Each structure stands twice: as structure tokens, then as C-alpha cells.
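Here is the structure we will look at, set down as C-alpha cells.
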There are 2 protein chains.
Amino acid sequence: MKDVAAAAGVSATTVSRVLAGNYPVSASTRKRVLRAVQDLDFVINAQARALVGGSTRTVAFIVRDLVGPLFAYIGQGVEQQATAEGRVCLVCTHHGDADRELELIELMREQQAEAVVLVGGGLRTPEHLERMAQIARSLERVGSRLVLCGRPPIGPDAPATVVEYDNEGGAFAVTNYLLSLGHRRIAFVGAAEPDHTTTSARFDGFTRAHAAHGLTVDPGLVAGGTFDRESGYRQTKALLTRDTGMTAVVGITDIVASGVLAALHEAGLRIPEDISVAGYDDIPQSADLNPPLTTVHIPHEELGRSAVRLALHRDDYAQDQHLMLGTHVVIRKSTAPPSVPSALTGH
Amino acid sequence: MKDVAAAAGVSATTVSRVLAGNYPVSASTRKRVLRAVQDLDFVINAQARALVGGSTRTVAFIVRDLVGPLFAYIGQGVEQQATAEGRVCLVCTHHGDADRELELIELMREQQAEAVVLVGGGLRTPEHLERMAQIARSLERVGSRLVLCGRPPIGPDAPATVVEYDNEGGAFAVTNYLLSLGHRRIAFVGAAEPDHTTTSARFDGFTRAHAAHGLTVDPGLVAGGTFDRESGYRQTKALLTRDTGMTAVVGITDIVASGVLAALHEAGLRIPEDISVAGYDDIPQSADLNPPLTTVHIPHEELGRSAVRLALHRDDYAQDQHLMLGTHVVIRKSTAPPSVPSALTGH
DNA sequence: CTTCGTGTAGAAAACGTTAACTATGCTGCC
DNA sequence: GGCAGCATAGTTAACGTTTTCTACACGAAG
């Protein structure tokens with residue numbers, strides 16, 4: 001910048017003012033400065049500006065993986081809103097490791113991010129919650145803001161913005177839909193990690209729908225596993241060997257459901273004639289699966305956008321730092337009434 | 001940091017040294033400092049450190065969209081390698097706007113990113129190439145590095161790291177495969193934007209394979225469109241109304257191919273019995289399409305990792321700043337010999 | 001007993017920018 | 001003509017680190 005100032009025959013302050021445009025500068029001076037900026041191909045140093053200006057104009061988002069379509073869509077929302085608000089985006093992945101997640105938040109605190117958006121579900125043990133609350137307070141102290149996007153609040157005292165969706169309600173709705181079709185033996189694939197907010201909320205909805213129909217969930221129909229396709233495939237294989245009498249399967253995720261579908265196809269079962277399948281998330285490619293998948297829609301992008309919007313304008317939205325967005329079932333071709341409902345009901 | 005120093009009864013210099021660990025500090029002093037850091041919940045200011053230390057330890061990657069699975073996988077590679085090298089990742093999207101892409105590079109120059117990775121194909125007009133070369137030089141001047149990931153080099157004089165894959169070769173191979181099966185009327189969907197590197201390379205491979213069989217491409221079988229599913233769907237609809245006699249379709253992208261499949265299904269055509277379909281990219285969900293898609297595999301993640309590795313260690317890999325990774329055809333169920341090959345050959 | 005080296009600590013300058021303050025030359029008014 | 005007020009530009013300090021240089025004490029060697 002000194003070089004530019006010298007080339008234009010002015011002081012550094014004037015250059016700064018021309019670039020920022022927040023102070024009157026005469027037209028001729030402005031022209032000379034701009035000319036020098038061009039000639040020297042000068043760009044401002046964002047670090048130095050942040051150091052004195054107070055804000056880095058940076059939003060961080062921390063996500064399980066870049067490749068999971070759900071995360072990608074939420075991430076897209078975060079990025080778009082951040083860009084729209086003139087911010088730059090930092091991104092990190094933790095691959096499902098809760099401790100790594102905390103480390104990353106710390107790293108983002110060093111980076112002085114204006115907001116740190118945690119995308120997707122997370123661990124919910126008392127210790128982890130306590131550490132998270134502490135981190136939320138640490139962030140607040142440096143003027144940053146913790147944002148939970150797709151995850152329930154940490155606690156009443158922790159300063160955090162929360163934008164979640166009705167996870168449990170969606171699971172209730174899709175399970176209820178299957179039950180209404182006449183299914184009584186519904187498997188749930190992907191129930192491991194009971195301390196994970198997404199897992200527990202979805203399983204709770206599954207259970208509550210059964211209860212609403214006066215039924216209890218058969219533990220033999222509950223399979224564990226992780227959030228990937230491979231897991232859905234393997235767990236379904238295992239279920240099939242056990243002769244559970246299931247007529248429908250709910251995958252905890254569309255990705256998991258695609259593994260479920262693969263295993264069922266391999267076993268020669270027709271979908272939905274022989275067995276119904278439902279997923280969760282409504283990722284775009286669900287419509288292209290074979291058959292197109294019945295699932296629960298989440299307002300992915302809106303989730304990400306709101307997260308950033310609320311966090312950056314938290315003075316304007318002061319009393320509104322907890323948003324719950326709705327979910328709804330999307331019925332496609334992978335679900336139908338069971339073929340011999342009465343015969344199986346009493347199983 | 002001054003607070004920590006005061007709390008520990010030492011100077012700021014000493015605190016810095018304890019944290020950096022690059023200077024001998026007595027055990028007792030270290031303990032006191034660490035204690036104060038804990039008590040005050042201190043984190044270093046990355047901006048200030050970057051300002052004096054010279055490096056921001058930041059890698060930027062600029063991508064069309066976060067949600068395209070191809071980009072996501074390459075991005076994943078970038079992020080992983082950057083993290084492995086102790087860097088932090090900045091991400092931006094340009095949604096296919098080439099000018100916006102240039103703006104973003106400029107923005108990343110302000111951010112003093114150590115490397116700026118451009119993911120995916122791009123525009124290739126003379127003017128754009130010239131501006132790009134200029135930007136590459138600008139980046140070099142501030143110690144940063146332009147990295148082209150999945151795009152051919154700008155020119156011999158532009159300082160850039162290039163990690164590309166054999167785009168044209170893959171298109172040749174998959175087209176050649178269809179021709180070998182006996183197809184003679186092969187449509188190409190997604191050929192708009194002829195100045196786009198990805199489009200032109202893939203179309204060139206398509207053309208060259210025809211030439212190798214002594215054939216020329218019928219312009220009536222070449223459909224335009226963009227890189228999304230909707231475009232594949234619409235273009236295929238249009239092709240179907242024109243009675244082209246096509247027995248196979250190559251989608252410029254797996255995403256486009258999924259739209260092609262949808263349109264063909266809707267028209268009541270069986271795949272591959274009535275018509276074959278191939279895609280490009282081998283995104284993971286291609287295996288779950290109906291039917292599983294024959295496509296061209298790209299080493300997505302390796303592409304991203306190499307890009308970062310080469311850029312950050314360009315003194316070690318000085319003479320090796322242009323890498324070309326291989327592609328290969330993945331044969332699945334969406335392709336088969338044409339049902340009445342001889343009848344259509346002479347079309 | 002001086003001198004030297006070594007281990008540890010601090011002071012001061014520097015990084016590139018902005019903000020608060022100060023200075024200069026005009027214009028216009030009494 | 002003197003002076004208030006305004007438009008424009010410059011000076012200086014500050015942001016939070018690291019780095020370079022300097023300082024001090026202590027033990028060992030001559």
C-alpha cells in the first residue's frame with residue numbers, strides 16, 4: 001500500500017480512503033490512486049484489515065463430509081447466504097468424530113470467524129454438551145457465534161443460534177404413513193450411535209408412530225450401522241437372513257436406503273410389491289433411485305441460509321435465535337400397502 | 001495475549017514462545033504460561049500471526065457448486081490434503097459464471113491464500129485465457145499459487161500448477177465401447193458451451209472415436225444444454241420427438257445422464273434393451289440409478305489431493321507441476337448391443 | 001578473578017491496515 | 001480584513017503477533 005501511495009503521490013491513509021470509499025477524496029486524487037492501484041496490481045491485505053477493523057468477515061462451517069448430499073445442500077445454503085452478506089467461507093470436515101469437531105471449532109476461533117456453523121447432528125452426552133456450552137461461551141467472548149444447524153439446542157444458558165428441522169416429526173410422519181398403509185413389521189436401519197441427535201430423534205419418531213397405533217417396536221427389527229450406503233446394504237442383508245417377517249424398511253437416511261434397496265434387489269425382492277422402503281432427507285437423487293424413493297423432505301438450503309442470516313444479524317433477531325423448520329413426507333414409488341397385510345399382522 | 005503474559009508474570013514474547021515451542025523456555029515458566037492460557041481461555045489470533053509470520057496457512061478452492069457430486073468429491077480431496085498439511089480451507093462457488101470465477105480469485109488474493117485451486121472445467125476463450133494468465137502472475141507476485149484441477153493449462157508462460165485427467169481419452173473410450181457394441185446412431189447430450197474445456201474435450205473424444213471407426217458425427221444427434229439433470233431430461237425429450245433413429249445416448253455428465261434416463265423411461269423405452277445410455281464422471285450414485293449406469297471413472301479425490309500437494313510443495317515438485325491422471329470406462333447395466341443393429345446402421 | 005559461553009528472558013521493531021486526531025487552504029460572512 | 005467553517009489531506013497510534021536484538025545470571029574454564 002505504501003508503494004501505491006508513493007506512486008500516486010499521496011499518503012497511505014488516502015489510499016485506504018479511496019479503497020474503502022468512506023471518506024471524501026477529491027476526484028483527481030481518487031483517479032490517481034486508482035490508476036496506481038491498477039498499475040501495481042495492488043490488492044488489500046485482508047488479514048491486516050481484519051486485525052485493525054475488528055471483523056474478519058468470515059463464516060466457518062463445520063460438516064461431517066463434503067460429499068454427503070444433505071451436507072452439501074445445507075453447506076450450499078450457508079455459502080450462498082454468507083456470500084450474499086459479503087462474507088467469505090471457511091470449511092472443515094470432521095468425518096463423524098465428535099472430538100475432532102470440538103478441535104475444529106477451536107481452530108475457527110483462532111481464525112476469528114464471525115460465526116461457526118455446525119452442520120448436521122452431533123453427539124449428545126452430558127460431557128460433550130458441557131464442553132460444547134463452554135465453547136459457545138468462549139466463542140461469544142471473542143465476538144463470534146456458535147450456530148447449530150440441524151441439531152437441537154445445547155442448553156438454555158449456552159449462547160448459540162439454533163436452526164433445526166422437525167427431525168422427530170418427519171420420522172413420525174413417514175412411519176405413520178407406512179403403518180397407515182397396513183404395514184406392521186417395519187424395520188429401522190441405522191440405529192447405532194444412540195447418543196447422536198439425528199439417530200435418536202428419528203428413532204423416537206419411529207417409536208412414537210408405533211405407539212400412536214398401539215404398537216411397540218420389535219427390537220429384532222432394529223438394525224444398527226452408520227450413515228453410509230454400505231452400512232444400509234450390510235444391515236439389510238443381515239435382516240434378510242433372520243426371517244423377521246418385515247414388510248417395510250425405514251432407512252435412517254436416503255443414502256442408507258439406497259443400500260437397503262441394493263440388498264433387497266439382490267435378494268430378488270420387488271419394491272414395493274414385496275417390500276416397501278422409505279428413506280430420510282430427500283436428497284435430489286432419491287427421485288432417480290430404483291424405484292424412486294419415498295422419503296422425508298428437509299428444507300436443506302433454507303436451513304443453511306437461515307443459520308447464517310440469524311447469526312450475522314443477531315441484534316435484529318435477538319429474541320428469535322431458535323428456529324424450527326418443518327419437514328414433510330414425499331411419497332414416491334418405493335412404498336405400497338403390504339401384499340398380504342392380514343397374514344403378517346399377527347406375526 | 002498481554003493478559004496472559006500479565007497473569008503469568010512474563011512478557012508477551014515468552015507467551016508467544018511457549019505457544020510456538022520454537023525457543024527454549026524453562027519448565028516452570030512454561031507451566032505458568034500454560035496455566036494462564038487455560039484460565040483465560042486464550043487462543044492465538046490467526047490474522048495477527050499471518051500478518052507477521054508471512055503465511056496464512058490457508059488454501060482456497062473455487063468450485064462451480066457445492067452440490068454437484070463430482071465437485072464435492074474433488075473438493076473433499078482438496079480439503080483432506082489441506083487439512084493433512086495443517087492448512088485451513090476457504091471455499092467459494094461461482095455457479096458457472098466465468099467472470100465471477102475471476103472475481104473470486106481476486107478475493108482469495110486479498111485473503112492471501114497460499115494456493116487457489118480452481119476445480120472443474122472452465123472457459124477457454126482467448127480473452128479469458130489472457131486474463132487468467134495475468135491473474136496467475138498476480139498470485140505468484142504475492143507468493144500464492146494458481147492451481148487448475150480438472151482443466152488444461154492456461155499457457156506455457158503462466159505460473160500455474162495443473163492437475164488434470166484424461167477427459168478426451170475417457171470420452172473416446174466410452175464412445176468407442178458403444179461403437180464396438182454395434183451402435184451407429186449415438187446421441188451426445190450436453191454439448192452447449194463449446195468454449196468450456198470439459199464440453200469440448202468430451203465432445204472431441206466422442207468425435208475422434210467415430211472417426212476411428214470411419215464414421216462422422218451426425219449433427220442431428222448432438223444436443224446442447226447445461227450440466228444439470230433437468231437439461232438432460234429436456235434435451236432427450238426433444239431428441240425423442242425428432243425420430244433420430246438413435247440407439248444410444250452419451251450424457252456429458254452422470255447427472256445429465258440421469259435426466260436422460262428419466263426421459264427415456266417416461267417414453268416407455270427399456271434400457272438397455274431399446275436404447276443404451278452412458279454417462280461421465282462415475283459419481284457414486286451412478287451405481288444406484290435405474291439401471292446402474294455405464295460411465296467413465298475419474299480419480300476425483302486423488303485429483304483434489306494432488307492439486308494441493310503439488311501446489312504446497314512446489315519447490316520439491318518443481319519440474320512436475322503438470323499432472324495428467326488416467327480415466328477408464330466402468331461398464332454397468334445401462335449399455336448393451338443395439339437390438340436391431342443392421343437395420344439401423346444404414347440410417 | 002576475569003572471561004567466555006549458555007540458558008533464559010525482555011524490549012523494540014515490524015507486518016499492513018484503519019481511525020482518531022491534526023493541519024492546511026479556501027470560501028463566505030460580518 | 002479577520003475569522004468561522006468546510007473540504008481535503010496527512011500524522012500518528014493502534015490492532016496482536018513474531019522476530020531480532022539485547023540483557024542478565026550462572027557455571028566453567030583459563
Side-chain angles (χ1 to χ4, degrees), chain A residues 1-37 40-58 88 107-114 138 141-144, chain B residues 1-34 36-37 40-58 86 88 107-114 138 141-144:
Chain A
M1 183 145 147
K2 278 194 297 223
D3 302 343
V4 174
V10 298
S11 72
T13 304
T14 303
V15 176
S16 169
R17 297 211 258 243
V18 169
L19 261 27
N22 54 3
Y23 198 87
V25 173
S26 79
S28 67
T29 310
R30 160 170 296 115
K31 223 179 74 182
R32 262 183 307 139
V33 169
L34 255 23
R35 178 68 202 276
V37 165
L40 299 177
D41 193 32
F42 170 80
V43 277
I44 209 97
N45 182 322
Q47 326 292 321
R49 169 177 278 180
L51 193 55
V52 56
S55 162
T56 55
R57 304 194 74 71
T58 288
V88 137
L107 187 62
M108 293 305 108
R109 189 152 70 105
E110 290 183 9
Q111 296 289 332
Q112 318 286 113
E114 285 185 72
S138 301
R141 231 169 286 139
V142 300
S144 182
Chain B
M1 183 146 148
K2 279 194 297 227
D3 303 344
V4 173
V10 297
S11 72
T13 306
T14 304
V15 176
S16 170
R17 297 209 258 243
V18 168
L19 261 27
N22 54 5
Y23 198 85
V25 174
S26 78
S28 68
T29 309
R30 161 171 294 115
K31 223 179 72 183
R32 262 183 307 141
V33 170
L34 255 23
V37 166
L40 298 178
D41 192 33
F42 170 80
V43 278
I44 208 98
N45 182 321
Q47 325 292 324
R49 169 178 279 180
L51 192 56
V52 54
S55 163
T56 55
R57 303 193 76 70
T58 288
V88 137
L107 187 62
M108 294 305 110
R109 188 152 74 104
E110 290 184 8
Q111 296 289 332
Q112 318 286 116
E114 284 184 72
S138 301
R141 233 169 285 137
V142 299
S144 182

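Every chain is numbered from 1, with letters handed out A, B, ... down the list of sequences. Please read all numbers here as calculations on a predicted model, not as lab measurements.
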Worked check of side chain to side chain donor-acceptor pair (under 3.5 Å) between A/Ser11 and A/Thr14: CA-CA 5 Å; A/Ser11 72; A/Thr14 303; 3.3 Å; yes
Does D/dA9 have OP1 or OP2 sitting under 4.0 Å from an N or O in the side chain of A/Thr29? yes
Establish, with yes or no, whether the OP1 or OP2 oxygen of C/dG10 is under 4.0 angstrom from a side-chain nitrogen or oxygen of B/Thr14. yes
Distance in angstrom units between [X] [atom1] and [N] [atom2], rounded:
{"X": "A/Asp3", "N": "C/dC15", "atom1": "CG", "atom2": "P", "value": "11 Å"}
{"X": "B/Gln112", "N": "C/dC15", "atom1": "CD", "atom2": "P", "value": "14 Å"}
{"X": "B/Gln47", "N": "D/dA14", "atom1": "CD", "atom2": "C1'", "value": "17 Å"}

Mark yes when over 12 heavy atoms from residues, nucleotides or ligands other than B/Arg141 sit less than 6.0 Å from its CZ; otherwise mark no. yes
Annotated protein contacts, base or backbone, on nucleotides 16-25 of chain C with a non-hydrogen cut-off under 4.0 Å, one of B, S, - each: BBBBB-----
Which is it for A/Tyr23 and A/Thr13 under the side-chain contact (heavy atoms from CB on, under 4.5 Å) test, yes or no, and what are the steps along the way? CA-CA 10 Å; A/Tyr23 198 87; A/Thr13 304; over 6 Å; no
Point-to-point distance, once rounded to the nearest 0.5 Å, from OG of B/Ser144 to CZ of B/Arg109: 9.0 Å
Could you walk me through whether A/Thr29 and A/Arg32 pass the side-chain contact (heavy atoms from CB on, under 4.5 Å) check? CA-CA 5 Å; A/Thr29 310; A/Arg32 262 183 307 139; 3.6 Å; yes
Compile the donor-acceptor pairs under 3.5 Å between side chains in residues 43-52 of chain B and protein atoms, sequence neighbours left out, one pair per line.
from, atom 1, to, atom 2, distance (Å)
B/Asn45, OD1, B/Gln47, N, 2.8
B/Asn45, OD1, B/Ala48, N, 3.1
B/Gln47, NE2, A/Gln111, O, 2.8

